[in-house]
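Inspection log for the structure reproduced underneath, given as structure tokens.
So you know, we letter chains A, B, ... as the sequences are listed, proteins then strands, and number each from 1.
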Protein chains: 2
Amino acid sequence: MPNQMTEMLKGTLEGIVLAILSERSAYGYEITAELREAGFADIAEGTIYALLVRLEQKGLVDVERVPSEKGPPRKVYSLNASGRDQLAEFWSTWSFVATRIEQLRHTDQQHTEGA
Amino acid sequence: MPNQMTEMLKGTLEGIVLAILSERSAYGYEITAELREAGFADIAEGTIYALLVRLEQKGLVDVERVPSEKGPPRKVYSLNASGRDQLAEFWSTWSFVATRIEQLRHTDQQHTEGA
DNA sequence: TACCGATACTCGGTAGTGCTAAGTACCAAG
DNA sequence: CTTGGTACTTAGCACTACCGAGTATCGGTA
């Protein structure tokens, strides 16, 4: 049984990456490092690459190969119009779910006060 | 490709149900109805039953069969100590993820202002 | 030259969870 | 006795994250 985090990231990680890409274009290795710095230390490297491939297949991002000074060429991803739509949809779904969960937490807090 | 909601519920639905059960004991059909009223209209009935079975197998809930006036006996679930621990862990994981996502949203909003 | 470490991406197989769809069972009302 | 609401079960599928191993490029070092 993997940890909660793993399961909770299902469905949110894609949105997280889309949000990162909406700020600026980036490549896989970079995104992975950024996530680690942001506190998501346990996200496997392979996971991000696989996710990026999926984003590309779904046509949400554009890709450009850029040579790197140290290592193989980078695949730089940038959000396109479709991706922006998808991101907007993600925020909408997120708001919906987050709002309802927060409501549950507040009624729940009355039972777990002090825990 | 199912909708965002489906994927986002993975990992959060268990917590949602645990939170509901922490307020009071309940049975599957009841929980399903409650979720529908709460706006989660698309949650499949079978999903909740399967989830409850998992909770039982993980030892997070206690079960009691209670005869119903109209239909087969109900399986009433109540949160036990283990379940309460798990719920606390869920809130902790949720806070972690939600906080980081909200941060992303705020930096993101600058790009999607007006969308 | 030969090796090592960091960079950068790929791929096959596994596990967990929600959905679909169909079925079982019980009871009351028409 | 058929219909509809209540209540639960089950088999098989889809999606996504993880694990582990592999490939490739380059700079530095002995």
Any residue meeting salt bridge (Lys or Arg N to Asp or Glu O under 4.0 Å) with B:Glu64, in chain and number order, not counting sequence neighbours: none
Other ILVMFWY residues reachable from B:Val53 by side-chain steps of under 4.5 Å: none
Angle by which the axis turns from one end of the helix from C:dT1-D:dA30 to C:dG30-D:dC1 to the other, five pairs per end, to 10 degrees: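 Roughly 20°, once rounded to the nearest ten degrees.
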If you only use heavy atoms from C-beta on, which nucleotide in [options] is closest to the side chain of [X]?
{"X": "A:Glu14", "options": "C:dC19, D:dT16, D:dC8", "answer": "D:dT16"}
{"X": "A:Glu7", "options": "D:dC18, C:dT17, C:dT10", "answer": "C:dT17"}
{"X": "B:Glu45", "options": "C:dT17, D:dA17, D:dA7", "answer": "D:dA7"}

Test ring pair (Phe, Tyr, Trp, His ring centres under 6.0 Å) applied to A:Tyr27 - qualifying residues, sequence neighbours left out: none
Touch class at under 4.0 angstrom, heavy-atom based, for A:Ala44 against every strand present: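 Contact class for A:Ala44: sugar-phosphate only.
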Sugar-phosphate, base or nothing in reach of A:Leu52, heavy atoms under 4.0 Å: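 It contacts nothing in the nucleic acid.
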Looking only at side-chain N and O atoms, does [X] come under 4.0 Å of OP1 or OP2 in [N]?
{"X": "A:Tyr27", "N": "C:dA8", "result": "yes"}
{"X": "A:Arg54", "N": "D:dT16", "result": "yes"}
{"X": "B:Tyr49", "N": "D:dC8", "result": "yes"}
{"X": "A:Tyr29", "N": "C:dT7", "result": "yes"}
{"X": "A:Ser68", "N": "C:dT7", "result": "no"}

Residue met sooner reading DNA chain C from 5', once A:Arg65 and B:Lys10 are mapped to nucleotides: A:Arg65
Between A:Trp91 and B:Gln4: side-chain donor-acceptor atoms closer than 3.5 Å: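 No pair is found: no donor N or O on one side chain lies under 3.5 Å from an acceptor on the other.
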Would you kindly give the [atom1]-to-[atom2] distance between [X] and [N], to the nearest whole Å?
{"X": "B:Phe90", "N": "C:dT17", "atom1": "CZ", "atom2": "P", "value": "13 Å"}
{"X": "B:Arg36", "N": "D:dG5", "atom1": "CZ", "atom2": "P", "value": "14 Å"}
{"X": "B:Asn3", "N": "D:dC15", "atom1": "CG", "atom2": "P", "value": "12 Å"}
{"X": "A:Gln57", "N": "C:dT10", "atom1": "CD", "atom2": "P", "value": "11 Å"}
{"X": "A:Gln86", "N": "D:dC15", "atom1": "CD", "atom2": "C1'", "value": "14 Å"}
{"X": "B:Leu51", "N": "C:dC19", "atom1": "CG", "atom2": "C1'", "value": "13 Å"}
{"X": "B:Glu56", "N": "D:dC8", "atom1": "CD", "atom2": "P", "value": "12 Å"}
{"X": "A:Gln4", "N": "C:dT17", "atom1": "CD", "atom2": "C1'", "value": "13 Å"}

Salt bridge (charged side-chain N to carboxylate O under 4.0 Å, His left out): pairs with one or both residues in residues 47-56 of chain A, sequence neighbours excluded: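 Every pair satisfying salt bridge (charged side-chain N to carboxylate O under 4.0 Å, His left out) with a residue in residues 47-56 of chain A: A:Glu56-A:Lys75.
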Pairwise salt bridge (charged side-chain N to carboxylate O under 4.0 Å, His left out) hits with a residue in residues 89-99 of chain A, at least two apart: none
Residues B:Thr6, B:Asn3; criterion side-chain hydrogen bond (donor to acceptor under 3.5 Å, both in side chains); working and verdict: CA-CA 6 Å; B:Thr6 293; B:Asn3 50 16; 2.8 Å; yes
Listing, residues 32-47 of chain B side-chain donor-acceptor contacts under 3.5 Å, not counting sequence neighbours, or none:
residue: B:Thr32; atom: OG1; partner: B:Gly28; partner atom: O; Å: 2.9
residue: B:Glu34; atom: OE1; partner: B:Arg24; partner atom: NH2; Å: 3.0
residue: B:Arg36; atom: NH1; partner: B:Ala41; partner atom: O; Å: 2.7
residue: B:Arg36; atom: NH1; partner: B:Ile43; partner atom: O; Å: 3.0
residue: B:Arg36; atom: NH2; partner: B:Ile43; partner atom: O; Å: 3.3

Heavy-atom pair with the smallest gap, counting every atom of A:Ser22 and A:Leu79: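 Closest approach of A:Ser22 to A:Leu79, heavy atoms only: CB-CD2, 3.6 Å.
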Contacts of B:Ser78 that satisfy side-chain hydrogen bond (donor to acceptor under 3.5 Å, both in side chains) - sequence neighbours left out: none
Nearest-nucleotide comparison on DNA chain D, the residue closer to the 5′ end among B:Ala50 and A:Asp42: B:Ala50
For DNA chain D, the residues among residues 69-79 of chain A that have a non-hydrogen atom under 4.0 Å from it: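 By residue number: A:Glu69, A:Gly71, A:Pro72.
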